[in-house]
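Some notes on the structure that comes next.
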Amino acid sequence: MSPVGLIAVFVVSLVLVMLGNASFPALIPTFQAEWRLSNTEAGWISGIYYAGYAAAVPLLVSLTDREDARSIYLYSTALSAISALAFALWAEGFWTAMALRALAGVSLAGTYMVGLKILTDRISGRLQSRAISLYTAHFAIGNSLSVLMAGEVTLLAGWSWAFGAAAAGSVIAFLLVFLTVGPSAQPRGQQNLRDILDVRPVVRNRPAFGYILGYTAHIWELFGFRNWIVVFLAFSISLQPDQTWGFNATQVATVVLLLGLPASVIGNELSLRFGRRRVITVIMLCSAALACTLGFTAALPFGFVVLLCGLYGLTVTGESASLTTGVIQNAEGSRKGATMALQSLLGFGVGAIAPLAFGVVLDLAGGTGEILAWGLAFGLLGLGAALGPLVLLRLTRQAPSPA
């Protein structure tokens with residue numbers, strides 16, 4: 001298969017397998033009403049998805065240095081379908097939702113970064129950087145379409161059907177990759193499992209580790225934002241229902257999250273032209289400033305709130321592809337899988353905490369009906385984002401120029 005065809009297959013598959021990614025966060029108001037969840041409990045269920053990811057990703061992605069990544073990808077896609085269908089049929093409250101969302105997170109561990117590993121193993125040169133950019137940008141597409149589908153299907157048929165539709169997307173993704181992508185022709189590594197899981201050589205690779213820590217700060221902010229944006233917009237709409245032109249919170253959130261695609265691609269192109277570290281630093285600092293502002297604007301005219309959310313949607317994803325490209329291009333060839341595994345472990349591990357921390361701040365500061373609570377919760381995200389450029393610049397000074 002040509003490189004362009006390979007990229008097309010995996011970006012489409014990523015979007016399909018991610019249709020269940022935001023199903024729960026998009027429906028937090030529904031589940032809070034039906035299951036009587038607190039904001040903290042909703043944060044736990046949102047965060048456990050990424051905790052499941054973080055728990056599984058060291059093994060699944062590191063194994064790609066020794067095993068054919070295609071097989072890991074296919075098994076994980078099947079698990080994605082099973083977990084979404086099980087949620088549709090059997091989720092009935094906090095504990096069942098926790099268990100099934102954790103299982104869904106495990107499936108993401110074997111699809112998102114493993115798919116990226118397949119691409120970067122089979123594509124090289126400048127096209128590799130653009131392949132990374134397009135692929136990681138489609139994470140935002142999958143997330144935003146997940147929000148839209150969850151909201152619209154729930155309105156038509158109920159939340160169980162929303163999760164059922166997500167399961168169908170994973171089945172289609174499985175068939176797409178199974179039928180079009182053959183096993184890898186590359187020789188498999190000979191490392192034993194203990195060596196594969198040893199992260200010390202990755203940590204000693206200061207340029208790669210610097211980008212990993214920058215990515216971790218990015219994910220803290222991004223996942224906190226994605227998991228609570230629908231609830232924030234619903235709160236803003238409740239303060240000014242006559243100014244929303246008939247749009248609901250999930251529809252507006254979908255448009256905001258879709259901005260992640262052009263933002264990530266453009267950010268990577270700017271990195272190629274002006275320097276990766278410089279562009280990442282500017283974007284992350286702008287994003288931190290917007291985060292510290294956004295929560296306090298809920299009562300302002302809704303058009304202004306949407307505009308500010310859109311700007312934040314651009315900056316919160318604008319450095320994503322650049323950071324991941326920095327990790328991969330600075331990784332040792334025989335440890336690329338292990339390097340990507342540590343990136344995912346730290347990034348998504350922090351991403352699991354971010355929605356929970358956001359919910360805790362909301363509860364402690366008065367709940368979702370208080371503007372101050374939203375201001376403090378978004379400010380917490382901005383604080384994490386502001387730390388990213390500090391560690392990035394400190395550890396990556398000797399990194400080679402981007403390809």
Side-chain angles (χ1 to χ4, degrees), residues 47 50 54 129 132-133 136 199-227 260 263-264 266-295 311-331 339-358 360-361 375-402:
Y50 299 110
S129 176
I132 295 169
S133 173
T136 57
V199 301
R200 289 173 295 179
V202 179
V203 174
R204 288 194 294 267
N205 182 346
R206 288 173 64 86
F209 191 55
Y211 280 105
I212 287 172
L213 293 181
Y215 178 83
T216 301
H218 158 69
I219 291 294
W220 165 267
E221 181 186 29
L222 179 64
F223 284 10
F225 171 66
R226 283 178 173 169
N227 279 277
S264 186
I266 292 170
N268 187 66
E269 293 299 317
L270 291 174
S271 292
L272 290 172
R273 181 169 183 179
F274 298 109
R276 196 171 308 285
R277 292 183 296 278
R278 181 183 298 117
V279 170
I280 290 171
T281 298
V282 170
I283 292 174
M284 292 190 82
L285 291 178
C286 290
S287 190
L290 284 168
C292 293
T293 304
L294 180 60
L311 291 173
Y312 189 43
L314 289 169
T315 59
V316 80
T317 52
E319 77 278 29
S320 182
S322 298
L323 286 164
T324 298
T325 302
V327 172
I328 292 172
Q329 293 188 340
N330 285 285
T339 303
M340 294 169 69
L342 184 60
Q343 173 192 1
S344 290
L345 173 63
L346 295 182
F348 282 70
V350 164
I353 299 171
L356 172 61
F358 199 109
V360 169
V361 171
L376 294 176
F378 273 109
L380 184 65
L381 301 184
L383 178 62
L387 295 176
L390 298 179
V391 295
L392 183 69
L393 293 174
R394 181 174 178 83
L395 295 178
T396 63
R397 295 183 187 278
Q398 303 305 317
S401 299

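All figures in this text were calculated on a predicted structure; none of them were measured in a lab.
- Under the 3.5 Å distance criterion, the side-chain polar atoms of Asn205 are matched with a main-chain donor or acceptor of Asn330.
- Across every non-hydrogen atom of Leu294 and Tyr312, the tightest pair is CD2-CD2, 3.7 Å.
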As a quick check of understanding, evaluate ring pair (Phe, Tyr, Trp, His ring centres under 6.0 Å) for Phe348 and Phe223, giving each step before the final call.
CA-CA 9 Å; Phe348 282 70; Phe223 284 10; 5.0 Å; yes
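- Put simply, CG on Leu381 and CG on Leu290 are 12.5 Å apart, with the number rounded to the nearest 0.5 Å.
- Under the 4.5 Å side-chain criterion, counting only non-hydrogen atoms from C-beta, Thr325 is not in contact with Thr136.
- Side chain of His218 to backbone of Ala385: no donor-acceptor contact under 3.5 angstrom is found.
- In plain terms, the two heavy atoms of Met284 and Ala217 that are nearest each other are CE-CB, 4.0 Å.
- Here the closest heavy-atom approach between residue Thr317 and residue Ala263 is recorded as OG1-CB, 3.5 Å.
- At least one donor-acceptor pair closer than 3.5 Å links the side chain of Thr293 to the backbone N or O of Ala289.
- A donor-acceptor pair under 3.5 Å is absent between the side-chain atoms of Trp220 and the main chain of Ile353, judged by distance alone.
- Using a 4.5 Å heavy-atom cutoff, the side chains of Leu311 and Thr315 are not in contact.
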Would you please test Tyr211 and Thr339 for side-chain contact (heavy atoms from CB on, under 4.5 Å) and show each step?
CA-CA 11 Å; Tyr211 280 105; Thr339 303; over 6 Å; no
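- Nearest approach of Ala321 to Ser133, heavy atoms of both residues: CB-CA, 3.5 Å.
- Minimum interatomic distance between Ala288 and Gly382 (heavy atoms only, all atoms of both residues): CB-O, 3.4 Å.
- Ile219 places none of its side-chain heavy atoms less than 4.5 Å from the side chain of Val350.
- Taking every heavy atom of both residues into account, Gly210 and Leu392 meet most closely at O-CD1, 3.6 Å.
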